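What follows is a set of notes on a single structure, which appears directly below.
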Amino acid sequence: MTTSVKNYIHCLIMAVFMIGSFFIPGQGTITDYGMKVIGIFLGMMWGWLFLDLTFPSIAGLCVLAIAGYGTAQATFMAGIGSEVVLVVILFTTFTAYITKTGLSNVIADWFLSRKIIKGRPYVFVTLFWILTFVLGILVDIYPTIFILWPVLYSISTDLGYGKGDKFPSYMCFGVTFIGGVGATCKPFSMWGLTGYGVFEAATGIHIDYLQYTVYTGIVSIVVILIYALLVPKLISIDFTTFKEGQYQIKKVEFDTEKKIAGIFTIVLFIVLYLPSVLPENWALTAVLKSQLGTVGCVAVLLCLLGMIQKKEGGAFVKIDELSHSGVPFNMVFMVSATIVIGGALKSEDTGIVTAITETLTPMLSHLSPIIFYLVLIVVYGLTTQFLHNAALLTVFTPIACTLAEAVGANVIITFMCGMIMLSTALMTPAASTRSGLVFSNDWIEKKQAYFLGAFTVVATGIVFFVVGIPLGAVMFPGM
């Protein structure tokens, strides 16, 4: 069978999932519209797996509009106009500037030239994961991804690795995973605040920020160590190029252009982190956090870059050229589609979340505390791969805490289980916006992405069961 015939067959299967669902009536609490959304989701998944990332995303958005989500314009705008997509566009434009100036090469060469990592790949990996974890805490997930990925591209190239090889797949996926783990440890992140708000509203219990950070930090460090030490052995990464003399360090001059790029990068970090440490009542806090936010801060920096003129005349950098070379539109369309379909799946009009809730409640209400935690780990780990994790956190937290009280389980451990396990949404292209970035990255081989996504879910679940539950019993007794 020729490749073109296989593609047509996959297109047909995708269309059957999307259009065929229009003829399937609702089941139980799942409405007719809900069945259509499920079919469209499955069709998009099939297309992403076997065809392409861009046109199945566009097709899914078009069919979703026909299904009743809204007009085509409104459906596309719900994705393309979202904050995450705007962050992707602006950050990839900014990182194209960093790459163009060669700053990412300087950072990469600095890393590779440290004596401590000469011939010691695991030392390099450990140091890089520490950097990623700290950036995830200090800044956030997406800035960490878009700042470190270009650095890894340069490092991989210097070491002789190509796109899709095991080393860059492992490292680029790890940035997404470990950066997310770091952000989860920050209680005043969007994820942390969402979980806090729902938990406090449901239980009336307040968890101290320091306790939260210590608890999630300990669990996270154990998970990171497992990923750093075990995965390279499981996927048999070839580290021979790390031996001294196997690669040549490029001597890149730190000229004026790179200095300016370095200054702008440092300023970017500062403006993204300042709102977390400045007093809430300061006007600057309101400007950076509420009025500009991540999108506005990066946009302002790009505007300033565009204003700088060379001594000999002319623009120092052309923003349109950066966006043309830097913005990965396959990523833009896929992330847009995952945001829209994720919102549709959690909508009350579909009845999907209600069906899940009604199915799980009788299953979990008669379990012992330890089995309850185990089942919750499995349920969270699996459902977050197919439904939007923020929606699941919002919906499941009150239900899980109510069930925890019924079976005699610790409600704070139950809450922490949701915060940690629902953040592992990286196993499928539609699991989260982060996984959309992973599966649309040419440097990450798709089979490796699936394996690493599954591994991180299982590893996190095991660590939470072995470390998180007893640690929670010590830190939050009698809850």
Side-chain angles (χ1 to χ4, degrees), residues 45 48-50 53 108 111-112 117-133 136 141 144-145 148-182 219-243 246-247 331 381-382 384-385 420-421 423-432 434-464 466:
M45 283 286 294
W48 290 334
L49 287 171
F50 299 106
L53 296 175
F111 252 101
L112 291 174
I117 72 164
K118 291 279 187 177
R120 301 185 183 98
Y122 284 98
V123 174
F124 163 79
V125 167
T126 301
L127 291 176
F128 201 89
W129 292 151
I130 291 173
L131 172 64
T132 304
F133 182 61
I141 301 171
T144 300
I145 292 171
L148 292 185
W149 271 2
V151 174
L152 283 174
Y153 303 157
S154 296
I155 289 175
S156 297
T157 301
D158 285 348
L159 292 172
Y161 297 107
K163 293 182 178 180
D165 286 347
K166 291 180 180 180
F167 175 77
S169 295
Y170 163 70
M171 295 299 294
C172 289
F173 182 95
V175 166
T176 312
F177 172 61
I178 295 172
V181 168
V219 174
S220 298
I221 288 169
V222 177
V223 173
I224 292 168
L225 285 174
I226 291 174
Y227 182 86
L229 299 176
L230 192 56
V231 170
K233 298 181 184 299
L234 290 176
I235 63 177
S236 302
I237 295 178
D238 181 8
F239 280 129
T240 55
T241 53
F242 270 91
K243 294 179 181 179
Q246 291 263 330
Y247 59 87
M331 186 182 295
L382 290 177
T384 195
Q385 310 308 326
I420 292 172
M421 290 307 301
S423 67
T424 61
L426 291 169
M427 198 167 71
T428 66
S432 65
R434 282 185 298 142
S435 70
L437 299 179
V438 166
F439 281 89
S440 59
N441 189 329
D442 292 340
W443 285 85
I444 304 175
E445 203 271 328
K446 298 299 178 289
K447 290 182 180 178
Q448 294 297 334
Y450 282 110
F451 172 79
L452 294 173
F455 176 87
T456 52
V457 176
V458 174
T460 304
I462 292 173
V463 170
F464 186 86
V466 175

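Please read these numbers as outputs of a predicted model, since none were measured by experiment. The analysis underlying the following values was restricted to heavy atoms, covering all of them including side chains, and did not include hydrogens, waters or symmetry mates.
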Of all heavy-atom pairs linking Ile226 and Ala459, the shortest is CG2-CB, 4.3 Å

**Request:** Starting from the C-alpha separation in whole Å, work towards a yes-or-no answer on side chain to side chain contact (heavy atoms under 4.5 Å, CB included) for Phe128 and Val175.
**Result:** CA-CA 9 Å; Phe128 201 89; Val175 166; 3.8 Å; yes

Separation between CG (Leu426) and CG (Leu452), nearest 0.5 Å, reads 10.0 Å

In short, Tyr227 meets Gly174 closest at the heavy-atom pair OH-N, 3.3 Å

When you check the side-chain N and O atoms of Tyr153 and Asn441, is any donor under 3.5 Å from an acceptor? yes

Note: Cys172 and Trp149 closest approach over all heavy atoms is O-NE1, 2.9 Å

OG1 of Thr428 to CD of Gln385, rounded to nearest 0.5 Å, is 5.5 Å

Quick one: are Leu131 and Leu148 in side-chain contact, heavy atoms under 4.5 Å? yes

Requested in this report: Please lay out, stage by stage, how Glu445 and Lys166 fare under the test side chain to side chain contact (heavy atoms under 4.5 Å, CB included).
Outcome: CA-CA 8 Å; Glu445 203 271 328; Lys166 291 180 180 180; over 6 Å; no

Notebook entry, point to check: Mind checking whether Phe239 and Phe167 have parallel, tilted or perpendicular rings, split at 30° and 60°?
Noted result: perpendicular

d(Thr460 OG1, Met421 CE) to nearest 0.5 Å is 6.0 Å

Rounding to 0.5 Å, atoms CE (Met171) and CG (Asp165) come to a distance of 14.0 Å

**Message:** Tell me if the NZ atom of Lys446 is crowded by more than 12 foreign heavy atoms within 6.0 Å.
**Reply:** yes

So CZ of Phe173 and CZ of Phe451: to nearest 0.5 Å the spacing works out to 10.0 Å

Between Gly179 and Thr132 the two heavy atoms that sit nearest each other are N-CG2, 3.6 Å

**Prompt:** Counting only N and O atoms by type, is there a donor-acceptor contact under 3.5 Å from the side chain of Ser423 to the main-chain atoms of Ile420?
**Reply:** yes

Between the CZ atom in Phe455 and the CD1 atom in Ile235, the distance rounded to the nearest 0.5 Å is 10.0 Å

Can you label the angle between the Trp129 ring and the Tyr170 ring as parallel, tilted or perpendicular, going by 30° and 60°? perpendicular

Closest non-hydrogen atoms of Ala425 and Ser435, given as atom of the first, atom of the second and distance, are O-CB, 3.7 Å

Correct closest heavy-atom pair for Trp443 and Gly162 would be CZ3-C, 3.9 Å

**Under 3.5 Å donor-acceptor, Ser440 side chain and Leu437 backbone** = yes

